[in-house]
There are 2 protein chains.
Amino acid sequence: MGKSVVIGVDLGGTKIATAAADLDGSLLSKVIKPTCPERGEDAVIETIVDSVKEAAASAGASKGDIKSIGIGSPGPIDPKAGTVIFAPNLMWHNVPIVHMLEGILDLPVCLENDANVAGLGEYRFGAGKGSKNMIYITVSTGVGGGLILDGEIYAGSFGMAGEVGHTTIVNDGPLCGCGNQGCLEALAAGPAIARKAQACILHGEETIMTEMVAGRVEEITSKTVGEAALAGDLLAKEIVDKTGEYLGIGVANLINVINPDTVVIGGGVSNMGELLFAPVRRTVEKRAIKAAFEKVKIVKAGLGTDAGLVGAVCLALGQV
Amino acid sequence: MGKSVVIGVDLGGTKIATAAADLDGSLLSKVIKPTCPERGEDAVIETIVDSVKEAAASAGASKGDIKSIGIGSPGPIDPKAGTVIFAPNLMWHNVPIVHMLEGILDLPVCLENDANVAGLGEYRFGAGKGSKNMIYITVSTGVGGGLILDGEIYAGSFGMAGEVGHTTIVNDGPLCGCGNQGCLEALAAGPAIARKAQACILHGEETIMTEMVAGRVEEITSKTVGEAALAGDLLAKEIVDKTGEYLGIGVANLINVINPDTVVIGGGVSNMGELLFAPVRRTVEKRAIKAAFEKVKIVKAGLGTDAGLVGAVCLALGQV
């Protein structure tokens with residue numbers, strides 16, 4: 001019999017990352033497999049089961065050494081029922097993933113929304129370490145969020161808390177995929193940043209971004225904009241600054257309601273660094289309650305793409 | 001020796017309401033005294049001490065029968081230190097009210113922000129009874145709020161959570177007293193409603209409100225607007241509808257972040273009833289995550305002006 005381990009699974013639309021960790025949360029092994037959601041939910045479940053076994057074996061643990069499994073999944077999910085309610089990237093609708101995995105593996109399985117799980121990872125082992133109440137915001141293709149209050153994921157009454165990306169920032173703003181107008185996601189996520197740059201170029205604005213994509217303006221992404229801004233391009237800097245301002249309105253609203261000690265911002269767009277964080281802080285200073293702003297730290301996420309995996313391990317540890 | 005009681009104190013800028021209650025939370029007596037903050041903080045503390053003794057006596061309890069005291073105060077307050085950080089209506093700045101009262105009365109005293117306390121009252125005995133996670137919003141001269149999560153006041157890391165009134169609703173909206181632009185309070189509180197009506201009349205719009213105040217347009221209050229709207233006045237109805245829309249944006253943002261099962265709206269402006277609640281619900285339906293909207297109840301507060309007093313009693317009961 002080897003040493004006791006827990007398993008964390010970060011389930012995504014393109015890949016499934018799985019890690020074994022010891023009971024202190026230190027990662028011992030990591031397995032990455034493609035999700036291939038088009039093969040159907042049973043095949044995805046099978047891939048998860050294989051990953052769990054492989055991750056344990058790589059860590060020198062047998063199946064009997066696994067104490068519990070934590071899973072972060074795209075949502076909305078129902079943490080009590082253990083079902084993924086709806087996940088377009090997985091083409092899943094009401095999939096009882098916890099029941100399915102417990103049936104096969106005969107181990108306790110805990111499910112949470114992926115942004116909540118990544119937030120938990122940052123809280124325990126990342127940029128939020130030592131905080132009491134933390135807000136996690138991830139800005140990439142979408143804008144997601146998680147609230148970690150007093151050491152625990154706060155999932156709300158029905159598992160849907162933390163949908164920061166769909167708070168209204170500009171009441172007559174652009175349409176969002178969710179049907180609302182002016183959501184933070186419609187203003188500050190990667191695609192919104194790219195669209196803004198493309199529209200400005202089509203309106204004749206001069207920028208090095210045109211060269212960067214060799215004239216193929218439709219290939220501009222938020223990464224292009226971030227790189228151009230870092231290189232000093234005025235249009236790109238302006239777009240990043242405005243993105244930070246929108247994000248700042250969202251963060252200020254969250255600070256006024258939640259009064260956290262720490263706000264952690266992650267996801268690909270957060271790699272723009274101070275060019276993004278400076279307008280976020282400037283806007284929060286203007287819009288948040290002064291005493292709340294003075295006491296809050298607004299910091300970049302510390303775990304990068306591992307946040308979800310580390311958080312899933314933390315989720316599993318909560319079951320031991 | 002009489003029966004055990006707790007005391008709740010609702011400290012306001014104009015009056016101090018104090019009640020004795022039995023250990024089930026049933027009110028046994030009620031004492032109202034003017035605050036007279038201009039007489040200084042020691043005089044106000046003395047009035048509270050007198051009120052506590054009178055409320056206990058009226059309930060047939062001696063001082064030895066009092067188990068604990070709960071106080072709701074205008075904020076921001078520091079619940080851990082037991083101080084009122086800043087309360088313009090009381091002309092208070094860093095007043096250690098808990099320490100002062102405990103020194104005089106030799107009883108455990110618990111302090112919380114008044115909106116949080118009123119929320120707690122609605123949660124335990126009012127419109128939020130039976131809920132798990134509830135948001136309380138009070139709309140009167142200002143807009144305040146309180147979060148009651150899993151049975152407890154959620155005060156945040158520094159006691160400032162629930163400042164719903166200062167979330168940004170219209171990013172280039174009117175200036176708010178807090179220094180920000182387009183806060184919910186600057187758009188939907190009583191004074192904003194009255195100002196909107198006055199401005200429309202000065203721009204020549206026809207309305208029965210002009211008659212209602214005998215031409216003294218400056219005397220129009222949000223109550224005038226509410227009454228005119230109920231009487232079918234088109235301008236007043238339009239203003240109330242727009243107020244409900246602003247409030248709905250704020251409520252939708254809160255629902256997306258907190259995912260509560262119940263939102264309770266109180267305060268004088270909530271007396272406009274369905275004329276206000278219909279546009280709130282319409283806007284929330286448009287702007288909140290569908291699954292979260294479908295499960296949330298948005299209801300009028302049930303305890304009226306007693307919410308703060310009942311909540312203060314609940315706070316005291318938490319100390320027993």
Query - Region of B:Leu254 in contact with chain A, defined by heavy-atom distances below 4.5 Å - result: side chain
Report summary line: Counting heavy-atom pairs under 4.5 Å with chain B, the top scorer among A:Gln181, A:Lys132, A:Lys290 is A:Gln181
Report task. Taking B:Asn256 for its side chain and A:His166 for its backbone only, find out whether a donor-acceptor pair lies under 3.5 Å. Result -> yes
Query - Over 12 non-hydrogen atoms of neighbours within 6.0 angstrom of NZ in B:Lys237 - result: no
Report task. With a 4.5 angstrom heavy-atom cut-off, could you sort out which part of B:Ile85 is near chain A: side chain, backbone, both or neither? Result -> neither
Query raised in the report: Just checking heavy atoms, which of residues 278-289 of chain A are less than 4.5 Å from chain B?
Result: A:Lys286, A:Arg287, A:Ile289
Query raised in the report: Do any N or O atoms from the side chain of A:Asn171 and from the backbone of B:Val170 form a donor-acceptor pair under 3.5 angstrom?
Result: no
Query raised in the report: Is there a side-chain contact (heavy atoms from CB on, under 4.5 Å) between A:Val257 and B:Val257 once you walk through the steps?
Result: CA-CA 9 Å; A:Val257 172; B:Val257 173; 5.7 Å; no
Query raised in the report: What option among B:Val164, B:Ile249, B:Ile135, B:Thr262 has the most heavy-atom pairs under 4.5 Å with chain A?
Result: B:Ile249
Query raised in the report: Between B:Asp150, B:Leu149, B:Thr167, which has the largest tally of heavy atom pairs under 4.5 Å with chain A?
Result: B:Thr167
Query - Toward chain B, the part of A:Ile258 with a non-hydrogen atom under 4.5 Å - result: both
Report task. Pick one of side chain, backbone, both or neither for B:Ala291, based on which atoms fall under 4.5 Å of a heavy atom in chain A. Result -> both
Query raised in the report: For A:Ile169, is it the side chain, the backbone, both, or neither that has a heavy atom closer than 4.5 Å to a heavy atom of chain B?
Result: backbone
Report task. Answer yes if the side chains of A:Ser157 and B:Asp261 hold a donor-acceptor pair under 3.5 Å, and no otherwise. Result -> yes
Requested in this report: Go through the steps to decide whether A:Asn133 and B:Tyr154 satisfy the test side-chain contact (heavy atoms from CB on, under 4.5 Å), and finish with yes or no.
Outcome: CA-CA 11 Å; A:Asn133 300 300; B:Tyr154 171 79; 3.4 Å; yes
Report task. Please determine, among B:Gly182, B:Gly162, B:Gly159, the option with the most heavy-atom pairs under 4.5 Å with chain A. Result -> B:Gly162
Query raised in the report: So which part of B:Pro260 gets closer than 4.5 Å to some heavy atom of chain A, the side chain, the backbone, both or neither?
Result: backbone
Query raised in the report: Of all heavy-atom pairs between B:Asn259 and A:Phe158, which one has the smallest distance, and what is that distance?
Result: OD1-N, 2.9 Å
**Report entry** Proximity breakdown for A:Phe86 and chain B, heavy-atom pairs closer than 4.5 Å
**Finding:** neither
